[in-house]
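One structure is given below, encoded as structure tokens.
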Amino acid sequence: MASLVPTVKDLGSIYSINVDSQAKRYARLTESFEKTYGSKPDFIARAPGRVNIIGEHIDYCGFPVFPMAIAPDTLIAARANGTSRVRVANVDSEKYPARDFSATDDVFDIDSRVHEWSNYFKCGYRGVFDYLGRRDGKGFDVLLDGTVPAGSGLSSSAAFVCATELAVQRINGVDLTQSELASIAAGAECHVGVNSGGMDQTASIMGQQGSALFIEFHPQLRATPVKFPETSPPLAFVIANTLVVSDKHVTAPVCYNLRVVETRVGALILAKHLGVADRPACKDVDPLTFKIVMDEYFAAQDDSAGKDETQVWIDRLSKMLDESRKAFGAHPSGYTRDEMASALGMTPGELSDKVHESQFPVRAERFQILNRALHVFSETLRVVKFRQICEHPSGNVAEKLGALMNQSQDSCRDTFECSCPELDELCTIARSAGAFGSRLTGAGWGGCSVHMVAADKVEQVKRALAEQYYAKRYPQLTAEQLGDALFATAPGCGACYYA
Ligand code: NG1
Ligand code: MG
């Protein structure tokens, strides 16, 4: 069994950088825990953030994505306290003050209107017990140390919720599978008011050292490790944070949750257009997604004979792109609420219920269904092509993969409208400095960008970003802050325990 303070060798398999400082971090956390609660923790649970390489805003449409776990993470030091109270504290106690609540009632009572850090802990706790159908959770003491910057698109929230789940199941003597943990965590984040997909939680739980993950959500959750092609010099990834904080909690009604609604309404209208809306697979599912509509449309057709899996994807998605242009083409500048409702033969109130607006309210004059659909289907095409190039490399693989990342960024900026000037600027600078491909990662509207770079160009690209972006926009950054905002990363392993 691993010790509470992992050896440098243990850590080497998780953190490709700063292994010594990580060892000190675990030791410090154990010491602080002892100072706070009077005894050593029983164990430390760790869950990483992730960077999405390609496949943005398609997880909640049921389509596959291509992320990898990274070194920044959440550590939760935990010890059973023999009561039913949970005491949570954070090493950054100024920003995140200590809280105390009951494991049997309070964890089920989450006010999503209040931005409160411990809500994410409650989500993780509640997720496990909702799944078990019980309310008899045990109390424990918690000290948390997170290094994934909040609101940066690197999934600090998933790292927090997944680490919590790990701690909760261990304290309560429960043993869930990785798929259960990932699905529970994905569903649990809805309690903080975000109508999210399952990419982040799956990457955090199932991440594999040295591989990205091709994650499918439908018909069931499946994560296939995929290695990047071997090139000379090897491929490396640089993450650059705009330092524009995209606070989902605040922006959800006009950004993230609005996009979810636009794609959900799109799925309903497309199902009607394709004549599959009344089939049980579409009628009885909630929420209906573009993936389900596509599968249902092809269910009765024998379109895959003699084709490999990638070709089937490409043909089906191309057809969906054509059909989307037909289905939504009469509303090139968007739908009003009335127009969406009438396209579906519903009242605006019925439609609002259908997309769960009481839980996730959204605001827009016009809903851009055509553009959102074009992004979703074309982005999925890029994901399956990206995977195919990784698995069957030939020719200029780095250039091909980079081109797909650049096209993804164009689509996120122009068609899905989830970029921002700072993200665009980072991409332009990195490409000029030699990156093969550059794009935003995660939800967008701020947060981080990711750049695929030849290993021998990492310093050159970082220098260009430091001089042309950070020095100009954030001249006051210390070297340490710059290091947290701009760093190279490699695929790391998923959630685990120490001791
Ligand atoms: P981040 O970047 O963590 O806010 C969000 C969603 C993902 C996915 C991406 C966009 C959450 C917890 N995560 O990620 O499910 O939809 O945006 O691809 O909301
Ligand atoms: Mg998040």
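For this chain, numbers begin at 1 and follow the sequence in order. Just follow the structure's listing: the first ligand is 1, and inside any ligand the first atom is 1.
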With heavy-atom distances below 4.0 Å as the criterion, list the atoms of ligand 1 near Asp59. 7 (C), 8 (C), 15 (O), 16 (O)
Best match, Met199, Arg259, Glu189: closest heavy atom to atom 12 (C) of ligand 1: Glu189
For ligand 1, which atoms, with element, lie under 4.0 Å from some heavy atom of Gly197? 15 (O)
Does any N or O of ligand 1 fall below 3.5 Å from an N or O anywhere on Gln201, backbone included? no
Using every non-hydrogen atom in the two residues, find where Leu221 and Ala182 come nearest and quote the distance to one decimal. CD2-CB, 3.9 Å
Polar-atom distance check: Ser157 versus ligand 1, any N or O pair below 3.5 Å? no
Within a strict 4.5 Å, meaning less than it, do heavy atoms of the Leu270 and Phe328 side chains meet? yes
Which residue, Phe66, Trp313, Phe214, forms the ring pair (Phe, Tyr, Trp, His ring centres under 6.0 Å) with Phe386? Phe66
Considering only NZ, NE, NH1 and NH2 on the basic side and carboxylate oxygens on the acidic side, decide whether Lys319 and Asp315 come within less than 4.0 Å. no
Is there a polar contact between ligand 1 and Thr441, counting only N or O atoms under 3.5 Å apart? no
Close-contact set for ligand 1 against Glu56 heavy atoms, below 4.0 Å: 10 (C), 18 (O)
The single option from Glu56, Glu417, Glu379 passing salt bridge (Lys or Arg N to Asp or Glu O under 4.0 Å) against Arg372: Glu417
Assess whether a salt bridge exists between Arg473 and Glu422, defined as any Lys/Arg side-chain N lying under 4.0 Å from an Asp/Glu carboxylate O. yes
For ligand 1, is there an N or O atom under 3.5 Å from any N or O atom of Ser155? yes
Salt bridge Arg25-Asp73, side-chain N to carboxylate O under 4.0 Å: yes
Taking N or O atoms only and a 3.5 Å limit, does Tyr60 qualify as a polar contact for ligand 1? no
Should you measure from each heavy atom of Val194, which atoms of ligand 1 turn up under 4.0 Å away? 19 (O)
Counting distance only, does the side-chain N/O of Gln208 pair as donor-acceptor with the main-chain N or O of Gly494 below 3.5 Å? no
Salt bridge flag under 4.0 Å for residues Arg337 and Glu357: yes
Within-cut-off N or O pair, Ala443 and ligand 1, under 3.5 Å: yes
Could you see which bit of Arg50 sits under 4.0 Å from ligand 1, with heavy atoms only: side chain, backbone, both or neither? side chain
One finds that the ligand 1 atoms under 4.0 Å from a non-hydrogen atom of Gly153 are 2 (O)
